[in-house]
Asker: 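One structure is given below, represented as C-alpha cells, and several questions about it will come after.
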Amino acid sequence: MDIQRNHKADRVAAQATGVGVGFIALMVTWLIGARLFERVWGQPSAAYVALATAVLVGVGAGAWAARRLVRVALKEIEVQESRGAAAPETQQV
C-alpha cells in the first residue's frame, strides 16, 4: 500500500505559514507605525492611522507570502514527480 503525498495538505500548510507571516508584519508595522504616526498627528488620530496601515501591510504581506510558498511547494512536488523515482515522502506500508 502506497502512502502518497497529499498536495492539498501542502497547499494548506503554505497558506497557514503565509497567514503567520502576515500577522508578524501586522504586529511590527503597528508597533513602529504607532510611534512614528504619534509624532506626526498626535494621540487620537495616530492610533487609527497606525492600525489601518498595519492591517494593509499585514494582509499584503500575508497574501504575498502565502502565494509564494504555495508556488514553491507545488514546483517542488512537480520536480519530484517528474523524476519518476520513489520520492522520500512515498512510503511502502
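Counting from 1, the numbers follow the sequence of the chain as shown.
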Asker: Please find the pair of heavy atoms, one from Ala25 and one from Gly58, that lie closest to each other, and give the distance.
Answerer: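 Heavy-atom minimum between the residues: CB-CA, 4.3 Å.
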Asker: Under 3.5 Å, is there a donor-acceptor pair between the side chain of Ser45 and the main chain of Trp41?
Answerer: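 Looks like no, no N/O pair under 3.5 Å.
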Asker: Any chance you could measure Thr29, atom OG1, to Ile24, atom CD1, to the nearest 0.5 Å?
Answerer: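 Here the interatomic distance stands at 11.5 Å.
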Asker: Just verifying a value: how many Å separate Leu36 CG and Arg39 CZ, rounded to the nearest 0.5 Å?
Answerer: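 Rounded to the nearest 0.5 Å, the CG-CZ separation comes out at 8.0 Å.
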Asker: Check the hydrophobic clustering (I, L, V, M, F, W, Y; side-chain heavy atoms under 4.5 Å; chains of links allowed) and say if Leu74 and Val72 are grouped together.
Answerer: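 No, it is not one cluster - the side chains of Leu74 and Val72 are not joined through contacts under 4.5 Å.
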Asker: Quick check: closest heavy atoms across Leu69 and Gly18, and the distance to 0.1 Å?
Answerer: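 Here Leu69 and Gly18 meet closest at CD1-N, 4.1 Å.
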Asker: Do you know the tightest heavy-atom contact between Gly33 and Ala50?
Answerer: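 The answer is C-CB, 3.8 Å.
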Asker: Please say yes or no: joined through hydrophobic side-chain contacts below 4.5 Å, possibly via intermediate residues, are Leu56 and Val21 part of one cluster?
Answerer: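 No, it is not one cluster - the side chains of Leu56 and Val21 are not joined through contacts under 4.5 Å.
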Asker: Report yes if the side chains of Phe37 and Thr53 come closer than 4.5 Å at any heavy-atom pair, otherwise no.
Answerer: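 Sidechains of Thr53 and Phe37: in contact.
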Asker: Which atom names give the shortest non-hydrogen contact between Leu26 and Ala54, and what distance separates them?
Answerer: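 Here Leu26 and Ala54 meet closest at O-CB, 3.5 Å.
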